[in-house]
Each structure stands twice: as C-alpha cells, then as structure tokens.
Amino acid sequence: MSFTLTKPPHLRRDALASLVVFLVALPLCVGVAVASGVPAELGLITGIVGGLVVGFLPGSSLQVSGPAAGLTVLVFEAVQEFGLGTLGPIVLAAGVIQLLLGAARFGRFFRAITVAVVQGMLAGIGLVLIFGQLYTMADVKQPRSGFEKITGLPGLAVEIAGSGRALTAFGVGAGTIAVLVLWKKLPAAVQAVPAPLAAVALATGVTAAAGWSIPRVDVQGLLSAVQPPGMSDFAALGSLAAIGTVIAFALIASAESLFSAAAVDRMHDGPRTDFDKELIAQGAGNAVCGVFGALPLTAVIVRSAANVQAGARTKLSRILHGLWLVLFAALLPAAIGVIPLAALAGVLVHAGCKLIPVKDLPPLWRSHRGEVVVLAATAIAIITTSMFEGVLLGIALAVVKSAWETSHVQLNVHETTDGRLLVTLTGSATFLRLPHMLETLEALPAGHPVELDLAELRHLDHACRITLENWAQQRGATIGALART
C-alpha cells in the first residue's frame, strides 16, 4: 500500500485513531493471552501481527484484528490437551485453511451461517469465559470443563469468603468491572480515555498504593516468547482431536471475522469489505502467528468499533496501532509486569458479558422462537461439551429447523360423486412430515376407494414416496398422478 496518496486530514485522523485502538488493544491482548493459559507476550505478538500484517492486506479497510475473547476457551483447551508447543502448528494449519477457503471464494458463503448459531456460539463462549475468569479474579485455579466451572461456583464463594488473599484479589477484579460499567456514564471528556485502559490503570495504581500482594502479569520480553514450532510439534496434528481443533479454529475465526466485517461496514460509509480477500488476510495473519507460536487472531469488533468511532479513514490507523504495540512491548515491558491478573480477569468478565445477546433475546423470542432454541442449545452445548461440538450441534439444529419450516404439506380430502375419496397433497413432502401424513391417511373412512393425487407437490423425498406407495398397496388405493422430484 502506498501512503503518498493519503490526504493530510486523513493522516491526522488515522494517527489519532491508531492511538485509541492501541490503548484499547493493549489490555485485551494481555488479558486474552493470560486467560488462554499462555505467556502474555504471545497476545502482544498476535496484536502486532494483526496490525502490521493483516493491516496491510486488502479486505476490510477499517477492521482491526488481534487476539479475541471469542477463541479464549478453545485456545485454553488446546493448550491443556496438546501443549503450548503444538499451538503454533494448529494456528498455522488453521491459517492455511483460511487461505484456501478465501482463494476458493468461500468467504461470501460464511454470510449464510444463521445468526442464531453465531450468537449462540458467542453466548456460550461468553458464559464459559465469565465462569472461568471468576476463578482467576480470586487467584484460584479454574476447573477445566465449563460444567465443572459452574458446579464449582459455591466452593469458589466459600474460598473467597474464607481467604483474605482471595477476597482482596476478587475485590480488585470486581472494582475493575465496576469502572468498566460506570465509565460510559462519565463526561465525554473523560471517556476519551478507553475504558479498559482506565480500569486496568486504576486497578494497578490502587493495588500498588495499598501494597496488596496479589499475582501480577509475568512478562519476559517479546523475543524470548517467540518459539517457532519444530517438526515434533507438527507430529501432534496427526490425531483426530487435533484435526478437529484446527477446523474449529479456522471456521470459528473466519465466521467471527466476517460477521465483524459486516457489522463494521454498517458503521461507516467508506469502501465495503471484500469477504474473500478479508478471509485471505485473516488466513495470512494466522499463518504468521502460527510460525511465531502465538495466539490465533480474528477481527475484533471492540477494536474495530473504536477505530471507526475515533475517525479513522484508511488502513493506516490499524497499521500504526500495531507499531505502537511493538514500541510499547519493546521499550516498556516492565509496565505490563505491574498489572494485577485480577484486573485483566475483570476486563475479560466484562467482555464475556458483552458477548451474550441479552437485548436481542426478547424481540427474537416474540418473532422467531425457533431461533432462540437454536441459540440456547448452541450455548448450552458449548458450556457442557466443547466449542467445536457446540457449534456443530447448533448448525445441525439450524438445518433441521429450516427443513422443518420448509417442509409444509397439506392433505385435502374430497369425496367425488361416485363415492371415491380424492386425497390431494400440496407443498413439500419430506420424512419430517410423515407422522402427520400417515395420521390423516389412516383416519380416512373404510369402504371408500381412495386415490392419491401427488401432482401438486413441490417436492417428494424418497422416504415419503416409498411410504405412500406401501400405504396405497395395503389400502388398495391408487396413485393418480406422481410428482416428479
């Protein structure tokens, strides 16, 4: 990209917007890394790649990429199961899949994924994130599964009440959440400072001033954190579980990024996103992150919205935000090491709450109750099983729901002058409607010749065809006109 065509007003706007995005991204990069069970530096590396690699590539001009809360649970599970060394190959493989999908022009097809599944996915992630980070806020090791995190909450409450150290740490996290919630009610001049940065800075200052001894972020430096995967690390990708994790990384990161792109497009009047190119850009970014052994990246709606709202006009803003992350991590690494872990956990609890579409549920329930069922089932499945299985269940339910809603069939019975019963079927006859069809046919009075007219059916699947032919043979009925399907 050439910046010689950038107009001076745009240059100033983009530079100021990049600082805002940097201030929002910094605590989130570190917090997501810590919550994922990896060194804090790996989150910063992913944020840098999101700015300096994805930022240069075509696709969406104002969308900002980096480590996202939406993949925290999946990364944590992957690191626990396969080890930190295998994270790089998993992310690299996921990036390659994204590149192939983008090159094959699959980007636009991600827009066909039902919103209920995506919202359910984000809600499930948000709930697991909330329940997990409550333990981190209290400096207590969190259980591995989502179900155990929920059932362990009473024990966590007892631990907090009975331990001064746990109570202090939890208080710091709760105070961070309070600042995040109340920040929007402060004067506009104060809100010029991003809420996550203000909340973390206040929590750090209060903790230091009070002399509280609670865990802080452990920072060793960017270069020492970069661990390119070796051949032995790639060997772990041969297992079915690892392949499933790679596919989950690729699909979820792609869906989250492209849905975020659609949302960002509605926030500004600039160039629209090319979804295939954006998918390629995300794949390239994840491939680089995989080479560095860092966290996976996606487009992050929080940073992207901050970028647009700060007045960004071109790609320069997101590129510069990556440069600020490099300079901060290189020149002031000690500043990260004073941040309490409880404060970052509080930021992520707040981020998890924002992933739950509470405001969308009442109107959705009034107009499309089936969508709420898909959303809730996806979220519950993610909490009780895993991210991948939950999303697959959500997609399967969405397909079944769609099939059920489109397979309406009507049976109209008319008695002719010669005493025959003419049964005319209209609509789409699929196996989902077999119980209704058979109940109607079996209720026909005996002693009358029956003729089935299937000519007006839009669709007749194999199961229905065989069932109707068998019923007609047993009843001695005739099939007057057979639908061509």
Q.
Closer than 3.5 angstrom, by distance alone: can the side chain of T46 be matched with the main-chain N or O of L295 as a donor-acceptor pair?
A. yes

Q | Flag for D233-T86: side-chain donor and acceptor within less than 3.5 Å | A | no

Q.
Taking V399's backbone N and O only, do any of them form a donor-acceptor pair with S402's side chain (distance below 3.5 Å, no angle check)?
A. no

(Q) Testing the 3.5 Å rule here: is there a donor-acceptor pair between the side chains of Q282 and S254? (A) no

Q) Any donor-acceptor pair under 3.5 Å linking the side chain of R165 with the backbone of S213? A) yes

Q. When rounded to the nearest 0.5 angstrom, what distance separates CE in M137 from CD1 in I214?
A. 10.5 Å

Q: Please check if the side chain of T151 supplies one atom and the backbone of E148 the other of a donor-acceptor pair under 3.5 Å.
A: yes

Q. Distance from H368 atom NE2 to L375 atom CG, nearest 0.5 Å?
A. 13.5 Å

Q: Ignoring hydrogens and angles, tell me if any N or O in the side chain of N307 forms a donor-acceptor pair with the backbone of V21 under 3.5 Å.
A: no

Output side-chain donor-acceptor pairs under 3.5 Å for residues 168-184, partner residues at least two apart or in another chain, one line each.
residue	atom	partner	partner atom	Å
T168	OG1	G164	O	2.8
T176	OG1	V172	O	2.8
W183	NE1	V193	O	2.9

Q. Any donor-acceptor pair under 3.5 Å linking the side chain of D14 with the backbone of T314?
A. yes

Q: Examine distances only and state if a side-chain atom of D276 and a backbone atom of G107 form a donor-acceptor pair shorter than 3.5 Å.
A: yes

(Q) Tell me whether K277 at atom NZ has more than 12 heavy atoms from other residues, nucleotides or ligands lying less than 6.0 Å away. (A) no

Q: Could you tell me whether the side chain of S257 and the main chain of A299 form a donor-acceptor pair under 3.5 Å?
A: yes

Q) So, T273 side chain and F275 main chain: donor-acceptor pair closer than 3.5 Å or not? A) no

Q | Distance-only side-chain donor-acceptor flag, Q63 / S304, under 3.5 Å | A | no

